[in-house]
Amino acid sequence: MFRAATGRSKKVLVLDLDNTVWGGVLGDDGIEGIEVSGSYRGEAFRRLQHTARQIVSQGVLLAAVSKNDLEPVREVLGRHPDMTLREDDFVRVVANWRPKHDNLRELAADLNLGVDSFVFADDSPYECGLVTRELPDVAVVALDDEPALHVEKLLRDGWFTVRDVTADDLKRPERYREELDRKDFLDSFSSLDAYLRELDVQVRFADASPDEVARVSQLTLRTNQFNLTTERLQEAEVAERAAAPGSLVLTIRSADRFGDNGVVGAVLAHRDDDALVIDNFLLSCRVFARGIEQACLSALLAHAREQGLSTARAGYRPSAKNGKVRDFYPANGFAPVDPDGAPDGSPVLFRHDLADITAPPEHVRLTLSLGGLHQ
């Protein structure tokens with residue numbers, strides 16, 4: 001539970017196939033010759049498949065990276081009568097003859113996740129060693145030729161232990177498959193602007209409902225790249241802030257032509273005399289670079305001005321993973337409070353006078369339901 005409470009659970013399980021998901025080597029044994037049932041070994045591989053499907057049901061993404069030809073792999077996943085896992089259970093099935101660490105890098109880029117979100121399980125000591133050397137941030141589970149121990153080894157380090165499962169967790173694999181469809185859609189356009197106009201981005205920026213408090217806590221615990229202060233909050237702490245006078249706990253929901261993304265972000269803020277203080281701004285890496293963050297920040301600043309406030313303050317605490325948002329506030333009209341920077345470990349502070357608020361992107365359709373800031 002410690003990993004879950006500190007946001008260190010993993011997001012992606014990547015499985016080898018031959019002698020990991022099924023017994024035997026597909027290229028040598030053929031579809032009829034692989035083991036997935038009917039014997040001691042076959043039933044052990046089927047238990048691994050059941051376990052993988054259970055992990056997926058918690059919102060973890062499942063992928064396969066295998067040295068195989070793709071069509072036979074798809075045939076096994078599509079028509080083998082004893083398979084538990086099917087192609088739809090995977091966000092991506094990668095079967096080729098390239099080095100596995102290269103495939104893992106590309107998979108991480110396609111999913112817009114860091115490789116440190118990955119757990120990779122393989123029965124080959126060579127492949128495990130190579131991935132460990134080339135991608136040391138990947139958690140590698142070294143299996144062996146005893147499939148009865150596969151499940152124990154996969155679960156031993158608690159990479160997928162969760163405290164609770166939210167509605168967004170249950171829909172996460174489907175949403176990442178949609179995200180890969182968006183990437184393919186983007187590749188068909190000559191410019192990002194044209195793509196965003198056709199994507200039809202819809203955003204609802206509103207006070208968090210009681211049902212969304214757990215998701216906000218989860219975002220603070222698991223979001224690393226677009227996390228301005230890296231503050232981690234448990235569910236009770238989020239609920240306490242939401243109930244405090246002059247405090248805002250806001251959720252960001254998004255949808256587009258490919259489907260509903262659910263709650264993809266959160267903003268925590270409070271009033272301090274005549275200032276709005278943005279305590280943290282979080283956004284899922286699934287929806288980066290669509291104008292969502294600019295639209296919501298613009299709306300929040302305009303809301304503060306309408307509430308009679310005269311300034312907004314915000315902080316950025318650097319971490320090993322959030323460097324891509326170091327300029328988020330300056331790029332949206334905030335000026336540094338201390339041009340010389342902040343001492344190590346303390347946030348860099350910014351201020352906005354609410355006089356000239358950057359307009360939201362035109363391609364984002366924004367719906368607002370923001371509460372008051374009365375203390």
Side-chain angles (χ1 to χ4, degrees), residues 10-31 33-36 45 48-49 51-52 55-56 60-78 83 85-87 89-147 149-150 153-154 156-157 159-160 173 176-177 179-181 183-184 186-187 224-225 285-286 320-321 324:
K10 299 296 185 177
K11 299 178 181 179
V12 187
L13 169 60
V14 185
L15 296 175
D16 170 49
L17 296 177
D18 290 335
N19 288 315
T20 296
V21 169
W22 56 66
V25 177
L26 179 59
D28 295 337
D29 301 320
I31 295 175
I34 62 174
E35 300 173 280
V36 285
F45 288 111
L48 183 280
Q49 293 187 39
T51 300
I55 290 170
V56 170
V60 174
L61 309 180
L62 179 65
V65 170
S66 171
K67 285 189 173 175
N68 258 306
D69 293 320
L70 182 58
E71 287 312 310
V73 168
R74 282 184 165 161
E75 192 172 359
V76 171
L77 295 175
M83 287 288 293
L85 291 173
R86 297 298 181 185
E87 189 166 1
D89 292 309
F90 296 85
V91 291
R92 176 148 291 179
V93 174
V94 180
N96 57 36
W97 299 96
R98 299 176 55 214
K100 290 189 177 181
H101 57 272
D102 288 342
N103 284 325
L104 290 171
R105 278 197 194 97
E106 290 188 6
L107 178 62
D110 287 345
L111 295 173
N112 202 16
L113 292 170
V115 293
D116 60 343
S117 300
F118 283 26
V119 173
F120 172 67
D122 198 309
D123 69 296
S124 166
Y126 169 79
E127 299 290 358
C128 290
L130 192 58
V131 169
T132 297
R133 189 186 73 184
E134 298 294 326
L135 300 174
D137 289 335
V138 173
V140 174
V141 178
L143 306 177
D144 55 30
D145 57 2
E146 178 46 81
L149 300 177
H150 281 9
K153 290 183 176 182
L154 184 62
R156 182 170 53 203
D157 290 323
W159 295 117
F160 306 111
Y176 268 90
R177 283 191 290 270
E179 186 56 34
L180 293 174
D181 290 339
K183 184 178 183 299
D184 293 339
L186 169 61
D187 291 342
N224 294 308
Q225 296 181 72
C285 55
R286 285 188 289 128
K321 297 180 180 179
K324 65 172 57 183

*Side-chain donor or acceptor of Asn19 paired with backbone N/O of Gly24 under 3.5 Å*: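 It does hold such a pair.
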*With no hydrogens and no angle check, is any side-chain donor or acceptor of Gln49 less than 3.5 Å from a backbone partner on Val21?*
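Looks like yes, one N/O pair under 3.5 Å.
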Exercise: identify the closest heavy-atom pair between [X] and [Y]:
X: Lys100; Y: Phe120; value: CD-CZ, 3.8 Å
X: Met83; Y: Val76; value: CG-O, 3.7 Å
X: Thr20; Y: His150; value: O-CD2, 3.6 Å
X: Val14; Y: Ala64; value: CG1-C, 4.4 Å
X: Phe118; Y: Leu111; value: CZ-CD1, 4.4 Å
X: Phe45; Y: Pro147; value: CZ-CB, 3.6 Å

*With sequence neighbours excluded, what pairs up with Asp144 under the salt bridge (charged side-chain N to carboxylate O under 4.0 Å, His left out) test?*
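Result, salt bridge (charged side-chain N to carboxylate O under 4.0 Å, His left out) vs Asp144: Lys153.
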*Identify, with sequence neighbours excluded, every residue that meets salt bridge (charged side-chain N to carboxylate O under 4.0 Å, His left out) alongside Asp69.*
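Per chain and number, Asp69 pairs via salt bridge (charged side-chain N to carboxylate O under 4.0 Å, His left out) with no residue.
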*asked:* The test is side chain to side chain contact (heavy atoms under 4.5 Å, CB included); show your working for Val60 and Val12 and say whether it passes.
replied: CA-CA 6 Å; Val60 174; Val12 187; 5.6 Å; no
Student check: side-chain heavy atoms of [X] and [Y] closer than 4.5 Å:
X: Asp145; Y: Asp123; value: no
X: Val73; Y: Leu17; value: yes
X: Leu85; Y: Leu62; value: yes

Can you measure from [atom1] ([X]) to [atom2] ([Y]) and round to the nearest 0.5 angstrom?
X: Asn224; Y: Lys321; atom1: CG; atom2: NZ; value: 4.5 Å
X: Arg105; Y: Arg98; atom1: CZ; atom2: CZ; value: 10.0 Å
X: Leu26; Y: Ile31; atom1: CG; atom2: CD1; value: 6.5 Å
X: Leu15; Y: Leu48; atom1: CG; atom2: CG; value: 6.0 Å
X: Asn103; Y: Arg92; atom1: CG; atom2: CZ; value: 10.5 Å

*May I have the step-by-step check of side chain to side chain contact (heavy atoms under 4.5 Å, CB included) for Asn96 and Leu70, ending in yes or no?*
CA-CA 7 Å; Asn96 57 36; Leu70 182 58; over 6 Å; no
*Ser66 and Asn68: side-chain donor and acceptor closer than 3.5 Å?*
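Yes, a side-chain donor-acceptor pair sits under 3.5 Å.
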*Going by the side chain to side chain contact (heavy atoms under 4.5 Å, CB included) test, name the single residue among Val119, Leu61, Val141 that passes it with Leu13.*
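For Leu13, the side chain to side chain contact (heavy atoms under 4.5 Å, CB included) check succeeds only for Val119.
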*asked:* One thing to verify: whether Arg86 and Asp89 come together as a salt bridge, which I'm taking to mean a side-chain N less than 4.0 angstrom from a carboxylate O.
replied: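 Result for this pair is no, no salt bridge flagged.
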*Decide side chain to side chain contact (heavy atoms under 4.5 Å, CB included) for Val93 and Arg74; before the verdict, give the C-alpha distance in whole Å, the side-chain angles of both, and the deciding distance to 0.1 Å.*
CA-CA 8 Å; Val93 174; Arg74 282 184 165 161; 5.7 Å; no
Mind listing the side-chain donor-acceptor pairs of residues 126-137 below 3.5 Å, one per line with the distance, residues two or more places apart or on another chain?
{"residue": "Glu127", "atom": "OE2", "partner": "Lys67", "partner atom": "NZ", "Å": "3.1"}
{"residue": "Thr132", "atom": "OG1", "partner": "Cys128", "partner atom": "O", "Å": "2.9"}

*In sequence, state the C-alpha distance, the side-chain angles, and the governing distance for Lys10 and Phe160, and then conclude on side chain to side chain contact (heavy atoms under 4.5 Å, CB included).*
CA-CA 6 Å; Lys10 299 296 185 177; Phe160 306 111; 4.0 Å; yes
